[in-house]
Amino acid sequence: MRLCFVAVGIVCATFVSVSSAQEDDPVAPIVARLDLDRYKATIKALTQFGDRRQGTPRNRAANDWIHAQLETYGCANVERMAYHYAPEPFVDPPLGMAGGMPRAIGGGRPRGVRVPMRANTDPLRQSDVALRTLNAEPTEPGPRDQVLCTKVGATRPDEMYIVSAHMDGQGWGEAANDNASGVALVMELARLFSAADVRTERSIRFAFWNNEETDYGGSRAYIAQRRALQGREDPPGSGRYPEPTWLGLIQHDVLLFDHGMPRADGTVSPEQRPEADINVEFQGASTFAQQSQALAWHVQAANEIYATDYPVTVGNHMASTDSEMFMNIVPSISLRDNERGVQIGAGWNPHWHQATDVFATYNDKDFRLGLNAAQTTLGAIGRLVGATVLKAH
Ligand SMILES: [Zn+2]
């Protein structure tokens with residue numbers, strides 16, 4: 001199957017055919033190592049830090065924990081990238097109008113029942129007193145950091161894909177879906193790709209952005225600090241590339257809850273809908289739209305091979321997550337449980353940025369949607385970096 005057929009640059013050139021699973025598929029055994037209980041346990045562990053709001057002790061404690069876990073996984077070069085955060089007034093772009101029709105964030109056209117969504121800022125909506133107390137730590141402007149680690153490619157250490165999620169949250173809950181679900185996915189991929197018997201030709205950087213919930217401060221700082229360093233061998237002749245050339249970015253943000261459109265009375269079904277899907281979005285109005293679309297379809301094809309339960313739906317309205325900061329620089333997509341604009345924006349996820357976004361809100365059908373997203377990205381990235389499991393001697 002040809003995934004792209006016109007000149008769309010480097011991403012197209014690196015795609016491989018993913019039309020069917022082969023018995024000797026080198027990536028399948030790595031995907032098979034993913035485990036629902038382990039994914040849930042990592043989400044649960046992240047919720048001990050409450051809503052992990054940026055600029056608080058609980059946010060720093062979460063970064064310390066993520067850092068320590070990545071070291072136990074053997075992920076190379078676990079580092080803390082420092083930057084400074086000073087809040088600026090930040091507002092989501094207003095609802096646009098095109099041809100007289102209202103458009104959602106990201107450019108989609110809203111349809112059906114719509115429930116207005118606003119992030120919770122009321123502590124009293126959290127009935128768990130211990131959690132409310134933890135989340136009461138105030139945020140302060142000042143120094144920030146975020147955790148990165150890398151799987152170094154065996155033959156192309158100078159090129160990498162970025163696999164990312166934001167680790168900060170808000171809303172006076174546990175930020176379990178937004179975004180422990182994405183952080184746990186990226187941590188699981190970092191663990192599995194770092195296994196001693198897994199080799200990749202290209203590099204993968206695992207990035208845990210901070211300050212997404214304010215102004216994408218962490219990912220913007222990464223671009224500002226690292227963009228010009230891409231592909232440089234340092235020191236010369238060492239074979240080491242501290243900042244490999246960016247080939248593409250896959251962001252994971254909110255992966256558990258696809259219970260469908262709100263009903264006429266504004267309530268949402270308590271059950272995962274059987275036709276739940278993983279929404280892979282690129283932004284049609286971006287410099288790399290065509291290459292990002294090709295990456296999205298590569299991920300969709302990988303989903304059809306590797307994901308056990310839930311399919312991918314591709315859309316062109318990626319918005320309001322860190323991948324938006326990269327979309328005019330490299331091919332960039334996001335994975336979510338709903339489309340950001342016309343679905344989350346219309347109330348499909350009643351726990352979004354709410355005190356109810358806690359681990360106990362979700363059941364195994366919800367967690368399994370997140371696990372399917374992990375299977376999807378692992379399969380897609382595994383193919384792109386040339387992953388193989390080394391045979392024991
Ligand atoms: Zn988020």
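- By the 4.5 Å heavy-atom criterion applied to side chains, Phe206 and Val147 are not counted as neighbours.
- The shortest side-chain heavy-atom distance between Arg156 and Ser203 does not fall under the 4.5 Å cut-off.
- Connection of Val78 to Val198 is established within a shared hydrophobic cluster, with ILVMFWY side chains joined at heavy-atom distances below 4.5 Å, either directly or through further cluster members.
- Side-chain rings of Trp246 and Phe288 stay apart, their centers remaining 6.0 Å or farther from each other.
- The side chain to side chain donor-acceptor pair (under 3.5 Å) test with His166 singles out one residue from Asp322, Asn210, Asp178, Asn211, and that residue is Asp178.
- With a 4.5 Å cut-off on side-chain heavy atoms, Arg340 and Ser334 do not count as touching.
- Of all non-hydrogen atoms in Ala276 and Pro311, the two that sit nearest each other are O-CD, 3.4 Å.
- The closest side-chain donor-acceptor pair between Gln375 and Thr308 falls under 3.5 angstrom.
- Going from atom CD of Gln272 over to atom CG of Asn363 covers 7.5 Å, rounded to the nearest 0.5 Å.
- A donor-acceptor distance shorter than 3.5 angstrom exists from the side chain of Gln48 to the backbone of Ala45, with no hydrogens or angles considered.
- Note that the CG atom of Asn179 and the CD atom of Glu213 stand 8.0 Å from one another [nearest 0.5 Å].
- Ser181 places a side-chain N or O within 3.5 Å of a backbone atom of Leu255 that can act as its donor or acceptor partner.
- At least one donor-acceptor pair closer than 3.5 Å links the side chain of Gln230 to the backbone N or O of Arg227.
- Gly50 and Leu134 get closest at one heavy-atom pair: N-CD2, 3.5 Å.
- Atoms CG and CH2, from Leu124 and Trp172 in turn, are 8.5 Å apart once rounded to the nearest 0.5 Å.
- Contact annotation: the side chain of Asp215 approaches that of Tyr85 to within less than 4.5 Å [non-hydrogen atoms, C-beta and beyond].
- The shortest side-chain heavy-atom distance between Asn372 and Arg368 falls under the 4.5 Å cut-off.
- The side chain to side chain donor-acceptor pair (under 3.5 Å) test with His259 is passed by exactly one of Asn349, Asp366, Asp337: Asp366.
- With Thr361 contributing its side chain and Asp357 its backbone, the two residues share no donor-acceptor pair below 3.5 Å.
- The backbone N or O of Met167 lies less than 3.5 Å from a partner atom in the side chain of Arg52, making a donor-acceptor pair.
- Minimum interatomic distance between Leu189 and Leu34 (heavy atoms only, all atoms of both residues): CD1-CD2, 4.5 Å.
- Val389 and Val152 fall into different hydrophobic clusters, where Ile, Leu, Val, Met, Phe, Trp and Tyr side chains are chained together by heavy-atom contacts under 4.5 Å.
- Ring geometry for Phe257 versus Tyr362: interplanar angle over 60°, hence perpendicular rather than tilted (30 to 60°).
- Counting all heavy atoms, side chain and backbone alike, Met318 lies closest to Ser323 at SD-OG, 3.1 Å.
- Ionic pairing of Arg33 and Asp35 is not present here: no N-O contact between side-chain nitrogen and carboxylate oxygen is shorter than 4.0 angstrom.
- Separating the CE atom in Met187 from the CG atom in Leu70 is a distance of 5.5 Å, to the nearest 0.5 Å.
- Taking hydrophobic clusters as Ile, Leu, Val, Met, Phe, Trp and Tyr residues chained together by side-chain heavy-atom distances below 4.5 Å, Ile43 shares a cluster with Leu36.
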Item to check | Derivation of the side chain to side chain contact (heavy atoms under 4.5 Å, CB included) call for Trp209 and Met325 | outcome: CA-CA 12 Å; Trp209 313 122; Met325 304 302 106; over 6 Å; no

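- Hydrophobic clustering keeps Val254 apart from Val299 (ILVMFWY residues linked when any side-chain heavy atoms are closer than 4.5 Å, directly or through intermediates).
- In terms of heavy atoms, Val280 sits closest to Ala296 at CG1-CB, 3.7 Å.
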Next on the checklist: Walk me through whether Gln54 and Thr139 qualify under side chain to side chain donor-acceptor pair (under 3.5 Å).
Outcome noted: CA-CA 7 Å; Gln54 59 81 31; Thr139 176; 3.3 Å; yes

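- A salt bridge links Lys365 to Glu271: at least one charged side-chain nitrogen sits closer than 4.0 Å to a carboxylate oxygen.
- In this structure, the side chains of Asp258 and Asn338 come closer than 4.5 Å at one or more pairs of heavy atoms.
- With hydrogens and angles ignored, the 3.5 Å screen pairs no side-chain donor or acceptor of Gln343 with any backbone N or O of Met261.
- Under the 4.5 Å side-chain heavy-atom criterion for ILVMFWY residues, a single connected hydrophobic cluster contains both Val385 and Tyr73.
- A distance of 12.0 Å separates SG in Cys75 from CZ in Arg191, rounded to the nearest 0.5 Å.
- For Glu79 (side chain) and Met81 (main-chain N/O), no donor-acceptor pair under 3.5 Å exists by modelled atom type.
- Between Arg80 and Asp64, at least one side-chain nitrogen of the basic residue sits less than 4.0 Å from a carboxylate oxygen of the acidic one, meeting the salt-bridge criterion.
- Side-chain atoms of Asn177 come within 3.5 Å of backbone N or O of Leu256 as a donor-acceptor pair.
- To the nearest 0.5 angstrom, Leu249 atom CG is 12.0 Å from Arg205 atom CZ.
- In summary, Arg58 and Asp51 engage in a salt bridge, as defined by a charged side-chain N under 4.0 Å from a carboxylate O.
- Looking only at distances, no side-chain donor or acceptor of Asp158 sits under 3.5 Å from a matching main-chain atom of Thr245.
- Between Phe359 and Phe367, the distance separating the two ring centers is shorter than 6.0 angstrom.
- Using a 4.0 Å cut-off between charged nitrogen and carboxylate oxygen, Asp25 and Arg383 count as a salt-bridge pair.
- With hydrogens and angles left out, the side-chain atoms of Ser332 and Gln251 include no donor and acceptor closer than 3.5 Å.
- Proximity of Ile105 to Ile344: side-chain heavy atoms (C-beta onward) are nowhere separated by under 4.5 Å.
- In the displayed structure, Arg273 atom CZ is contacted under 6.0 Å by more than 12 heavy atoms of other residues, nucleotides or ligands.
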Item to check | Criterion side chain to side chain contact (heavy atoms under 4.5 Å, CB included) on Thr356 and Arg125, from CA distance to verdict | outcome: CA-CA 8 Å; Thr356 53; Arg125 286 188 179 269; over 6 Å; no

Item to check | From CA spacing to verdict: side chain to side chain contact (heavy atoms under 4.5 Å, CB included), Tyr161, Ile250 | outcome: CA-CA 8 Å; Tyr161 285 89; Ile250 304 181; 5.9 Å; no

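- Residues Thr321 and Arg336 have side chains in contact (heavy-atom distance under 4.5 Å, counting atoms from C-beta outward).
- The two residues Pro157 and Gly239 have their closest heavy-atom pair at CG-O, 4.1 Å.
- Salt bridge Asp168/Arg144: absent, no basic N to carboxylate O contact under 4.0 Å.
- Side-chain N or O atoms of His298 include one that pairs as donor or acceptor with a backbone N or O of Ala380 at under 3.5 Å.
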Next on the checklist: Run Val27 and Ile381 through side chain to side chain contact (heavy atoms under 4.5 Å, CB included) and show every step you take.
Outcome noted: CA-CA 9 Å; Val27 176; Ile381 282 287; over 6 Å; no

